[in-house]
2 protein chains.
Amino acid sequence: MNAQPTDASLDTRLRLIEAAILTFAEKGFDGAGIREIALRAKANSALVTYHFSGKEGLYLEALRYIFARKACRVAELATAPALEGPGARKDAIQRLKDHIRAFMQDLMACDPLDPQDPLGEAAMALMAREMQAPRATSSALLMEQIRPHVDHLMQCLQVLRPDLSWGELLNMGMSIQGQMLYFRNSLGISRLIRGDPNFPEDLEEVIRHFTDFSLRGLGIPEAFPQPRN
Amino acid sequence: MNAQPTDASLDTRLRLIEAAILTFAEKGFDGAGIREIALRAKANSALVTYHFSGKEGLYLEALRYIFARKACRVAELATAPALEGPGARKDAIQRLKDHIRAFMQDLMACDPLDPQDPLGEAAMALMAREMQAPRATSSALLMEQIRPHVDHLMQCLQVLRPDLSWGELLNMGMSIQGQMLYFRNSLGISRLIRGDPNFPEDLEEVIRHFTDFSLRGLGIPEAFPQPRN
DNA sequence: CCAAGAATTAATCAATCGTTTGAGCCAGTC
DNA sequence: GACTGGCTCAAACGATTGATTAATTCTTGG
């Protein structure tokens, strides 16, 4: 009479999803095999079809799992009220700084409580793969996830540069997000170029750089010169 | 007695390589099948093994083919003599501008003579895939290709901001290259966000934006304000 | 305790993978 | 005209793919 999922099955589902994140991130959708994923999850490969109705379903569930856990810092910021009133400009600058810090921290760690979480690396690699070559079945999922972050950033930019057109503001946003996403997506190449396998040793330094570079690039005179933050 | 490749065989090799670029770019290394590639090239799939000793060999040849044809504009710039003398600073600004324009044009078109070349899109998508998730056999090839561009850019930055440490200069370079590479790698997402499937309608406008944003971000006072270019 | 249903398993499915085979084609050479 | 060697081909190879089956184990409400 029990039509509800069991605790045990939830465990198995979770193990499969986490193994899927790791394996899909390493080898891509086509490169990863369900047998390999199941082996990693210490489960039977037939359970992929049973629980997720196939490989594609497991992939989508893995993405949903990442979205549910990730981007928590940025997601919080995106819920902030609209910028208005006399202090809007100063608020916008602070929000932009917060956005960059939150986004960078989200980029570098999956679980805020555990920066060493191996899922963090994998989840970002998987999202990067997805942004670059979205699967037909998952592009809607991706857009839905990205949209609020874009809106939040654009709202700040609009206040900071009311003289620019919407297209120019989008360019600004593209440059700001682009440097950060490239930083994350090309960590491998960056480490090779720098000859430092541990780069970045200090994330705060990189955050500071992106903040300064972006504010200068935006052309916000009152933000410089001034002491850090 | 003929141990040399025939004209006919060169044709086939070329058709296979170009079909490989298109297919690998669309589906990735694992997603693309040699039968599909061969069909596209109107050739027999056994020829992949015959000419390139396997799928992996064809993939490497495709990368080499891209590197040989692509990045021609940037590559020219990278051969410029060292910056020195009284005009070094002004030269460096111009070189940076030229670098951004050349890099953007290389990003958006494979063959300079034919901006509509479908290989251009595919080649860049393939390189982006490769930068993000380098295959063990091809990372050396990738670094060797990227290195001169990095050196050229860093030389300019060093002249423009002699007060910065090497690490800080690398951060600057990362931001400048990052915004451009993200622009290219995430064109799909950008078009969805903008609701404009034809973005960018005017590449020059984007080049201008990246140039301005980068020069401001670098903190080059004498570059602003001033008329375009 | 005991059916009922959810969860898991090993075995197997057809399909496709990259690669190999062996024969045939076509140019040049003696 | 026989021969050579580069090139191309259809056919088949073993391996692996994602998915399916049917039997078994586990869990739980009555």
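Note on naming: letters A, B, ... go to the chains in the order of the sequence lines (proteins, then strands), and numbering restarts at 1 for each one.
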Taking only residues two or more places apart in sequence or in another chain, which ones pass salt bridge (charged side-chain N to carboxylate O under 4.0 Å, His left out) with B:R184?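 B:R184: salt bridge (charged side-chain N to carboxylate O under 4.0 Å, His left out) contacts with B:E121.
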Going by the rule salt bridge (charged side-chain N to carboxylate O under 4.0 Å, His left out), which residues pair with A:R194 if we only count those two or more places apart in sequence or in a different chain?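 If we apply the salt bridge (charged side-chain N to carboxylate O under 4.0 Å, His left out) test to A:R194, skipping adjacent residues, there are no hits.
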Short side-chain N/O contact from B:T12 to OP1 or OP2 of D:dT8, under 4.0 Å: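 Answer is yes, contact under 4.0 Å.
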Provide, to the nearest angstrom, the distance between the [atom1] atom belonging to [X] and the [atom2] atom belonging to [N].
X     : N      : atom1 : atom2 : answer
A:L16 : D:dG18 : CG    : P     : 14 Å
A:L14 : C:dA7  : CG    : P     : 15 Å
B:D11 : C:dC26 : CG    : P     : 17 Å
A:L58 : D:dT17 : CG    : P     : 15 Å

With DNA chain D as reference, determine whether A:E56 or B:K42 sits nearer its 5' end, using the nearest nucleotide of each.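 The residue closer to the strand's 5' end, by nearest nucleotide, is B:K42.
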Using 30° and 60° as the class boundaries, would you call the ring planes of B:F213 and B:H209 parallel, tilted or perpendicular?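 Plane angle between 30° and 60°, so tilted.
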Per the atom types in the model, does the base of D:dA10 pair as donor or acceptor with the side chain of B:N44 at under 3.5 Å?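 Result: at least one qualifying N/O pair found.
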Salt bridge (charged side-chain N to carboxylate O under 4.0 Å, His left out) contacts in which one or both residues fall within [range], not counting sequence neighbours:
range                       : value
residues 43-53 of chain B   : none
residues 34-55 of chain A   : A:E26-A:R40, A:K27-A:E36
residues 196-207 of chain B : B:R101-B:E204

A:T137: side-chain contact (heavy atoms from CB on, under 4.5 Å) partners, not counting sequence neighbours: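 Partners of A:T137 under the side-chain contact (heavy atoms from CB on, under 4.5 Å) test: A:E56, A:L60, A:R135.
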With A:I146, which residues qualify under side-chain contact (heavy atoms from CB on, under 4.5 Å), at least two apart?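 A:I146 satisfies side-chain contact (heavy atoms from CB on, under 4.5 Å) with A:M131, A:L142, A:V150, B:I189, B:I193 once adjacent residues are dropped.
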Taking DNA chain C as the partner, which of residues 46-53 of chain A come within under 4.0 angstrom of it by heavy atom?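 Those residues whose heavy atoms fall under 4.0 Å from DNA chain C, taken from residues 46-53 of chain A in numerical order, are A:A46, A:L47, A:Y50, A:H51.
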Does anything in residues 25-37 of chain A come within less than 4.0 Å of DNA chain D? Heavy atoms only, and list the residues if so.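 Contacts with DNA chain D under 4.0 Å: A:A32, A:G33, A:I34, A:R35.
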